[in-house]
Amino acid sequence: MRYFRSISLIVLVVLLPLILMNEYSLPDGKILIKDIEISKKDNINIYKMPDYSLNFHQELNFNYLIVNAINKGIPIVFKVVLRAAETNEIWPTKVIKKEIRYYQIEYKALRKIYKIVDINGKTYEYLNILDAFEKLSKVEGFRFTIANNKKYELWLNVSLDKKKLPKPLQVNYFDSTWNMSSEKKIHKLGKLN
Amino acid sequence: MKYIITIVSFIGIALLILLAKAISNSDLISSDSFRVLLGLNILFICSLIVLIGFQIFRLLQSVKKEITGSRLTLRLVISFALMGVVPVLIVYLVSVNFLTKSIESWFDVKVESALEGGLTLGQKTIDILMKDIELKGKSIAYSISNVDPEQRNSLLTDLREKFRIQDAVIFDQNSIIIEVSSEKSNLIPPIPNINDLERGGRGFFGKIEEKDGEQIFLKTFTPILTKNVNSKTLILQLTQPIPPAIANLALSVESVYGEYQQLTYSRNSLKIIYILTLTLVLLLALLSSVSASFVISRRFSSPLAMLADATRQISKGNYKKIISKQGKDEIGVLISSFNSMTSQLEDATNNSEKDRERLEVARTFLETILAHLTTGVIVLDGGKIIRLNNIAAAKIFKSKSTNMSNMPMSGIVDKYLLFKPMYAFVESYIDSGKKNKKEESHEFKLNKENEQEITIMVQITPIKENKDKSYVLVIDDISEVTQAQRHRAWGEIARRLAHEIKNPLTPIQLSAERIQHKFKNKLNEEDSEILERSTNTIVNQVNALKIMVNEFAEYARPPKIQKDTVQIDKLIDEVVALYEIEKIIKVKKDKKIPIIFADENKLRQVIINLLENSQDALKEIKNKKIMIFIKNKGDEIELILEDNGIGIPDIIIGRIFEPYITSKKTGTGLGLAIVHKIIEEHEGKITIDRIKNSGTRVTINLKIREK
């Protein structure tokens, strides 16, 4: 019985911090992607493949802790990943293209503005956070190049890039506050014209 | 197992060092390697827990099975583990507390307030500068609104220089530049945001812009209100950089404030990371100490367990157990001494075993001798309890068991009254109370019913064995000796009688015949008849005496037999042929009867004597029957002669081979004595038994021997 108590004590010492850490964890935030639009640009690039522009809307359900973090001046970076996969009735789908873009929101305390840098690096400044969020909900001008002779599936995913967070927040694996991600949005495309 | 624990401990320490490095190294911390390291550490700790759990399980199993040294190992493990666990736990708790408080102290309220104050100061300064530019802008706009377009540019330049504004640009509502005045002569002003112009058209609007993170510009939009209602609304854009000293300070405060806020927000995560790292350190230290305690405990308890095991082996009699050397410390000396002791013990035990074996051989030898002795030997203690006896003694006392040890002698003697005198002799000897008793012996005649009288010689000798006294009782059956002595005595008497009586018999017979011959015719008829009858009686009695004397002579003659090959079955057939008239004799014999080496005439006499006796016994029997069996018993021939006669009375059957012992009304009583003597001379054996209902059985065993 003595050994059992000792083992129990060790287990308690190990597990208690983990349990307490989880107490601070909040449910994951969600990003909902909708209204995907793809348009072909007129110019032909050096690979002799047409450029396309992707626009979409997204609903960002920010956790209050993230909003608080933004107001504290912590830059929040979102990662947009676009994968193009060939569809085939016989063979499994094959990802032939992967494009990644980033956009971010940051509060500038001195000037009292919310600064947004979009996926193309263009900067926008807003006095009001709601205006900033409004801007964030529209992702426009995601340019990508792809051959237009096949059928594709576009897999789109938006997530909060934890690697761009301050270091201590990155390694706190027990904190789910920052697990903000969209589901993989699949957009089927026929031959692009 | 100790190698596994050592290797695992080294791996764990290496992983922990890497983790600590990762925490301190900001480049590593964000990479996936930190996650991998953390995972590896946790995995390692889990494997260490499993390993220790397995060790504990094994140890408890050993304790349950009562394996030597397991309890000592368990105690040592608990002691060593406690020695490691308690201080490490204290250090851990103190460290966690210290760490938590340290991290909290970083975020002192005063620091935050100071930073916020600095930031607010910067903001206020910018606000003041903005207000200043607003006033200047409004003043310039008012002045410009009242001059002609041709004079506007020079006025704008004058006023800009007067108010020390860097750039002044007039736009219309369509973002078209109307006038430009700048410190830089070649300025091409950027087109402002249409929204800003719109807001500026409606009233004063100011904004702060940052360039390259180093410079802060104040940009204001002020509407120029002209008197001409129809003219287009113009907007004055003033751009004024904040003095670099102020801008740098403000930006620095903003940067530090931002970092501080980030740090504040991350403090919980920081705490968790450091506590996690500390916990990993704690667990590693704890588990390593527990693992080490197993190795150390086993190292300590192993020689002691070996000693205990060896002791157990020695207690079971295995003296070959030698423990391998265990260094030069006290345990090493102890083991060396133990090995030396074991060796000495083995030598002593071997010697003792040899002595025991010798003793056992001697005892067996003595027992064998005792067992094969025809003399009864009994060892009695002072209480007349039998401590040892041989088979012969058991036979003498008619005991059912050959071993009469621990039986009181009185109990054995009580069953047979005839032993009473002997017991009385023994009892009186033992209880006599004499100090230096000497050996004593006494002869007893035991008259058993239906059996021959037995003469025994009892000799009692005291032996001193430690403090107790014991007595050796030697009981010798000297019946045959006494019988032989008696036979010799009878023989001597017979020889003398024959010698003394036989000589005068012939003159007596001749004298009687002469008297009869001389006086028969001289006497009258009556006297003559008396004389004849008397002389006849004398002659007949003399003849009878002659026969008797001859028989005496035969009985008393010195043993002189002339052995030759004898076909015993043929001999019997010949003798039986003489008695064939009555046809009462039946002979049954085995198929192959070997030739024996014997005196044929003497054997014939034996058979005749026996048949004569049988015929005498059958005189009054109606259904007369004599059976002769001749059996080949391998190394001897057995002759059995049975009749259904009146048999021999119980009273004399025990002494039937003695002279003058007979149940017949006539006869000398020497027939069976002579038969017995002849068979003895042939080194054979003769016995006479009564047959159950009636009759007698004579059994003769003669050995088959070559010349």
Side-chain angles (χ1 to χ4, degrees), chain A residues 1-7 9-26 65-76 106-113 115 123-127 131 161-178, chain B residues 22-23 26 29-32 34-35 38 42 45 49 52-53 56 59-60 74 78 81-82 85 89 92 96 115-116 119 122-123 126 207-210 216 250-251 253-255 257-276 278-280 282-283 286-287 290:
Chain A
M1 188 53 81
R2 280 189 297 172
Y3 314 117
F4 177 73
R5 281 180 192 160
S6 305
I7 291 165
L9 188 68
I10 292 166
V11 171
L12 196 67
V13 168
V14 175
L15 291 181
L16 194 63
L18 305 181
I19 293 163
L20 289 175
M21 284 169 203
N22 270 329
E23 284 296 311
Y24 293 105
S25 303
L26 290 173
L65 285 171
I66 297 177
V67 175
N68 203 20
I70 292 168
N71 287 329
K72 291 278 184 184
I74 296 167
I76 304 293
E106 185 182 6
Y107 179 64
K108 293 290 182 183
L110 187 67
R111 294 186 289 150
K112 299 177 189 171
I113 56 147
K115 183 180 166 186
T123 305
Y124 301 90
E125 292 179 352
Y126 298 95
L127 290 170
D131 294 339
D161 191 357
K162 288 172 78 174
K163 286 186 179 176
K164 299 285 193 305
L165 288 169
K167 313 300 181 200
L169 295 178
Q170 287 180 32
V171 294
N172 187 2
Y173 302 111
F174 311 103
D175 187 359
S176 61
T177 306
W178 311 100
Chain B
I23 288 170
S26 58
I29 198 167
S30 58
S31 68
D32 290 336
F34 181 82
R35 186 192 287 263
L38 191 67
I42 292 169
I45 284 167
I49 289 169
I52 289 167
I56 291 169
L59 188 56
L60 291 177
L74 182 63
I78 292 167
L82 280 177
V85 168
L89 265 178
Y92 170 74
V96 167
L115 282 171
E116 278 181 355
L119 191 67
Q123 287 170 343
I126 290 169
K207 62 188 278 192
I208 306 157
E209 282 188 348
E210 198 180 311
I216 301 172
L251 284 171
V253 169
E254 185 191 36
S255 171
Y257 179 77
E259 284 173 13
Y260 182 80
Q261 289 301 335
Q262 285 186 13
L263 209 58
T264 307
Y265 206 78
S266 306
R267 64 180 165 188
N268 281 334
S269 296
L270 272 174
K271 276 191 228 169
I272 288 166
I273 290 164
Y274 284 116
I275 289 172
L276 178 68
L278 268 176
T279 308
L280 288 175
L282 166 82
L283 286 174
L286 282 180
L287 297 173
V290 173

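Protein chains get the first letters and strands the later ones, always in sequence-line order, with residue 1 at the start of each.
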Side chain, backbone, both or neither: which part of [X] has a heavy atom under 4.5 Å from chain A?
X: B:Ile126; result: side chain
X: B:Ile52; result: neither
X: B:Glu259; result: neither
X: B:Glu254; result: side chain

- [ ] Using the side-chain contact (heavy atoms from CB on, under 4.5 Å) rule, pick out the option among B:Leu282, B:Leu280, B:Val96 that qualifies with B:Ile275.
- [x]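 So the option named by the test is B:Val96.
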TODO: Would you please name every residue forming a side chain to side chain donor-acceptor pair (under 3.5 Å) with A:Asn71, sequence neighbours left out?
DONE: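 Side chain to side chain donor-acceptor pair (under 3.5 Å) check on A:Asn71 returns A:Tyr114.
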TODO: Check side chain to side chain donor-acceptor pair (under 3.5 Å) between A:Glu125 and all other residues, then give those that pass, not counting sequence neighbours.
DONE: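 Per chain and number, A:Glu125 pairs via side chain to side chain donor-acceptor pair (under 3.5 Å) with A:Arg111.
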Open item on the list: Looking only at heavy atoms and a cut-off of under 4.5 Å, which of B:Gly122, B:Ala250, B:Ala81 has the most pairs with chain A?
Closed with: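 Among B:Gly122, B:Ala250, B:Ala81, the one with the most close pairs to chain A is B:Ala250.
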Task: side chain to side chain contact (heavy atoms under 4.5 Å, CB included) between A:Leu110 and B:Gln123, worked out - done: CA-CA 6 Å; A:Leu110 187 67; B:Gln123 287 170 343; 4.3 Å; yes
TODO: Please step through side chain to side chain contact (heavy atoms under 4.5 Å, CB included) for the pair A:Trp178 and A:Ile76, ending with a clear verdict.
DONE: CA-CA 10 Å; A:Trp178 311 100; A:Ile76 304 293; 3.9 Å; yes
